[in-house]
Amino acid sequence: MTQPRVRFAPSPTGYLHIGGARTALFNYLYARRFGGKFILRIEDTDYERSTEASVQAILDGMAWLGIDFDEGPYFQSRRIDRHKEMAAKLLTTGHVYKCFCTKEEIAGRKAEWEKEKKVWRYDRKCRGLRPDQHPDKPYVIRFKTPLTGMTAWDDGIRGRVSFANEEIEDFVLVRSDGTPVYNFVVVVDDVDMDVNLVIRGEDHISNTPKQILIYEALGAAVPGFAHLPLILNNARQKYSKRDGAVSVMGFRDEGFLPHALFNYLARLGWSHGDQEIFSREELIQYFDVKDVNKAGGVFNMEKLLWLNNHYIRQLSPEECAREVVPFLAALGIDAVDDPRLPALVKSQQERVKTLKELASSLQFYFGDEVAFDPKAAAKFLTPEYLPLYEELLRRVEAVGDFTESSLEPPVKTLAEERGEGLGKVAQPLRAALTGTTVSPGIFETMVLLGRERSLKRLGAAIRKIRGQ
RNA sequence: GGCCCCAUCGUCUAGUGGUCUAGGACAUCGGCCUCUCACGCCGGUAACGCGGGUUCGAACCCCGCUGGGGUCACCA
């Protein structure tokens, strides 16, 4: 088998969204699996919409996910001369022709056709023009599509796909301002870059026959094609910006780990038996385009969250602490140099689904004051708990060195003396210390909070009740 | 509307003619564990869109229908 050369060719008109990221991922995985080359080419020939910032966003997104490429980034806009050269070549070989119809004229004729409910395709008015009949006007270059026959290919994912040539109009290759159009440049570039397998979204299927025709006109080898199923929203339509967090970097900002997204995206439309969790190496080892599903897949945030939780738990407390620092900073907590951080993180790691959630779950460990959750306050910051809190303060104060084993006996004993389960004491205590009814184990929480802060908070709870 | 693609639990999927009374995962619902939450463990609900063929036998093959999606630019 010849070395596969695949490419990801995004247009820099926005951020790298999950659909694009998955296309990039599948190309990357394929190249790595089969020892091929993965090329990045920026299709920036839509000068109206392409931006420098978008190019950077694509690069950043891929870097964050760890999808590295072997060649590029190439910029399509810098190859215009080459595209024009090839267009000129096709003019001499007679595969294309100059068309002098203006947009207005075409719009007029199109309207006529549609009035008669006929399907409009360019009517080939200029197809038969001899050079001596060429007016001195701007023109576009159109492809001389075969009038009969079929154009087909064996799609790597879908099997044989075919189009009747009569369904394909004489499409434009070069605009009247001399700039080449997508369907043409993409072929020239793929030919020049020796791309021999095109893995891209299903939304490109209808472009494929046109491109194959161009390959043939150019006398170039037609590459293989594999059209990926689309990522769908809950309404089962193509996932778009309207559907929420679509930008890859948006996921980072929401506290997702790159590997969680990487794993999730790989499993959306592809599978390997019943396996759900894959390391990057496993993915490279197993991935093949022939195992990709044909049907579109709905993006499922719940499952991504589950995976993210899985990978967060996988991190060592130290690693996880490093990851959460920026999210704590966003909450106004500077924990970079806090030696307690790994231990604090460890206490919450398995309880959260994102780093953002982890940061907020860590909040109560910081500062002297606790922010009381209204419900917790209403339930536990009441006079009936005053005696309990006072007794708790006395007994906990008596413990010199805070460890789980030094704290557990006095609190448990108190509960026993009151003829209650530990929960009856632990919950009010938890509320006083954390401001909420949910936290890691109560003794662990006290140890992490430290003696001083714990006592201070208990005292504060007592004062609050008295003040009411 | 034309053309093209697609069709297994709510969702992601396994399944490639018999081992399917259809498996796994997320979600969901019970239960256990338990100081709360989470984790973990045990268990439950839940799917082959419909109709014809082919075959001794179809989730798997063929046709039709229905449904969904994509695409129809001098955008990429």
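In what follows, chains carry the letters A, B, and so on, assigned in the order in which the sequence lines appear, proteins first and then strands, with residues in each chain numbered from 1.
Taken to the nearest 0.5 Å, the CD atom of A:Glu276 stands 8.5 Å off from the CG atom of A:Asn263.
Across all strands, A:Glu276 comes closer than 4.0 Å to base atoms (heavy-atom distances). Using a 4.0 Å heavy-atom cutoff across all strands shown, A:Leu230 reaches sugar-phosphate atoms only and no base atom. Nucleic acid contact class of A:Lys103 (heavy atoms, under 4.0 Å, all strands): base. Using a 4.0 Å heavy-atom distance criterion, A:Pro440 is classed as a base contact. Residue A:Ser439 is in base contact, counting any heavy-atom pair closer than 4.0 Å across all strands shown. At a threshold of 4.0 angstrom between heavy atoms, the contacts of A:Lys110 are confined to the sugar-phosphate backbone, with no base atom among them.
If you check B:A73 for Watson-Crick or wobble pairing at under 3.5 angstrom, you find it has no partner at all. Base pairing of B:U28: its partner is B:G44, meeting the Watson-Crick or G-U wobble criterion (both donor-acceptor distances under 3.5 Å).
Look at the C1' atom in both B:U21 and B:A46: the space between them is 16 Å, to the nearest Å. Rounded to a whole angstrom, the distance from the P atom of B:G49 to that of B:G10 is 11 Å. One C1' atom belongs to B:A7, the other to B:C50, and the distance between them is 12 Å to the nearest Å. B:U45 and B:G53 are spaced 35 Å apart, taking the C1' atom of each and rounding to whole Å. With C1' as the reference atom, B:G64 and B:A27 are 36 Å apart, rounded to whole Å. The same atom, P, is picked in B:C29 and in B:G70; the two are 32 Å apart, to the nearest Å. Annotation: B:G24 and B:C5 have their C1' atoms spaced 28 Å apart (nearest Å). The C1' atoms of B:U19 and B:C26 are separated by 28 Å, rounded to the nearest whole Å.
Because its NZ or CZ atom is both nearer than 6.0 Å to the ring centre of A:Phe262 and within 45° of the ring axis, A:Arg280 counts as a cation-pi partner of that residue. Annotation: cation-pi pair A:Arg41/A:Phe8 absent, no NZ/CZ under 6.0 Å from the ring centroid and within 45° of its normal.
Between A:Lys412 and A:Pro10, the residue anchored nearer the 5' end of RNA chain B, judged by the nucleotide with its closest heavy atom, is A:Lys412. Projected onto RNA chain B by closest heavy-atom contact, A:Asp46 and A:Gly296 fall at different nucleotides, the more 5' of which corresponds to A:Gly296.
Side-chain to base pairing of A:Arg351 with B:C39: no donor and acceptor N or O lie closer than 3.5 Å to each other. Judged by distance alone with a 3.5 Å cut-off, no donor-acceptor contact links the side chain of A:Arg158 to the base of B:C5.
With ring centers used as reference points, A:Phe26 lies 6.0 Å or more from A:Trp270.
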> Taking it one step at a time, do A:Phe256 and A:Leu355 satisfy side chain to side chain contact (heavy atoms under 4.5 Å, CB included)?
Replying inline: CA-CA 7 Å; A:Phe256 286 89; A:Leu355 294 169; over 6 Å; no
